[in-house]
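To start, the structure under review is shown below, and the notes come after it.
Just follow the structure's listing: the first ligand is 1, and inside any ligand the first atom is 1. Sequential numbering from 1 along the given sequence is applied to the chain's residues. Side chains included, hydrogens not; waters and symmetry mates left out as well; all remaining heavy atoms used.
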Amino acid sequence: MRQDDVLTLLTERVSHGSLDAPGPSPDEMAQIARAGLRAPDHALLRPWRFVVIEGDRRDDFGVVLNESLRLRGVTDEAQLTKSLKAPLRAPILIAVMLDFKLHPKVDRNEQVGSAASATYAMSLAANALGYGSMWRTGQYATDPHVIEALGGSHQDEVIGFLYIGTRKGPSKNLPDLDPEDFLTHF
Ligand SMILES: Cc1cc2nc3c(=O)[nH]c(=O)nc-3n(C[C@H](O)[C@H](O)[C@H](O)COP(=O)(O)O)c2cc1C
């Protein structure tokens with residue numbers, strides 16, 4: 001990839017909520033994961049796990065989300081039905097889990113930062129491979145029932161559900177922000 005292409009990828013990135021099959025191939029998923037694994041990581045703790053949810057397992061994951069709502073006392077039928085279909089919004093989801101490691105110098109915030117960076121790196125890699133992606137969380141991300149279903153422990157959480165697939169329709173236009181509004185000099 002040329003330098004210009006990398007900068008375009010970074011400066012023109014947008015999310016795509018509307019995604020269809022096909023999703024990345026197994027080789028492409030390995031490339032996407034490799035990008036995640038290069039996230040900045042203090043003390044090289046690797047404080048993440050990438051759980052892929054695809055195919056029929058998306059239906060099973062929808063049931064987990066539905067159970068999550070019911071366990072939290074939600075009775076609204078529309079919301080319950082929506083939860084079953086939520087994972088079907090893309091052919092492949094990566095649940096990026098914080099795999100927290102107790103460390104004398106690297107606190108939880110830093111590890112969350114690493115896992116969030118990994119999520120972002122994977123979204124960029126998906127974009128570079130020609131796919132669209134969308135980072136979602138919601139209350140599911142910290143619900144013990146969901147975390148346990150994804151193989152996490154009580155001290156873990158989902159940093160992002162990264163939805164990846166083929167873009168349906170054109171990318172949205174976002175207003176160009178002026179860097180001067182955000183850059184200051186000390
Ligand atoms: C940590 C995190 C969690 C997010 N969770 C959600 C979510 O649950 N639902 C949602 O619609 N957008 C969520 N977003 C925002 C979208 O991923 C997206 O960034 C936003 O719609 C703005 O679009 P853009 O990325 O094209 O600028 C989240 C973003 C981050 C960084």
What protein heavy atom sits nearest [atom], and how far away is it?
atom	value
atom 3 (C) of ligand 1	Thr137 OG1, 3.2 Å
atom 24 (P) of ligand 1	Ser15 OG, 3.4 Å
atom 9 (N) of ligand 1	Arg136 CG, 4.1 Å
atom 17 (O) of ligand 1	Trp135 O, 2.6 Å

*Just by modelled atom types, is the Arg46 backbone N or O under 3.5 Å from a matching donor or acceptor in the Lys101 side chain?*
yes
*Using atom types as modelled and distance alone, determine if a side-chain donor or acceptor of Arg57 lies under 3.5 Å from a backbone N or O of Glu54.*
no
*Under a 4.5 Å cut-off applied to non-hydrogen side-chain atoms, are Val52 and Met29 in contact?*
yes
_Test item: His16 and Arg167 side chains (from C-beta on) under 4.5 Å apart, heavy atoms_ = yes
*Gly138 near ligand 1, heavy-atom distance under 4.0 Å?*
yes
*asked:* With a cutoff of 4.0 Å, is His16 in contact with ligand 1, counting heavy atoms of the residue only?
replied: no
Numbered atoms and elements of ligand 1 in range of [X], under 4.0 angstrom, heavy atoms:
X	result
Leu174	26 (O), 27 (O)
Arg13	24 (P), 25 (O), 27 (O)
Val14	26 (O)

*For the residue pair Pro40 and Ser117, what are the closest heavy atoms and their distance?*
CD-CB, 3.9 Å
*Could you pull out the closest heavy-atom pair between Ile147 and Ala141, with the gap in Å?*
CD1-O, 3.7 Å
*Answer yes or no: are there more than 12 heavy-atom neighbours, outside Gln139 itself, under 6.0 Å from its atom CD?*
no
*If you measure from atom 10 (C) of ligand 1 to every heavy atom of Gln139, Lys172, Met134, which option wins on shortest distance?*
Met134
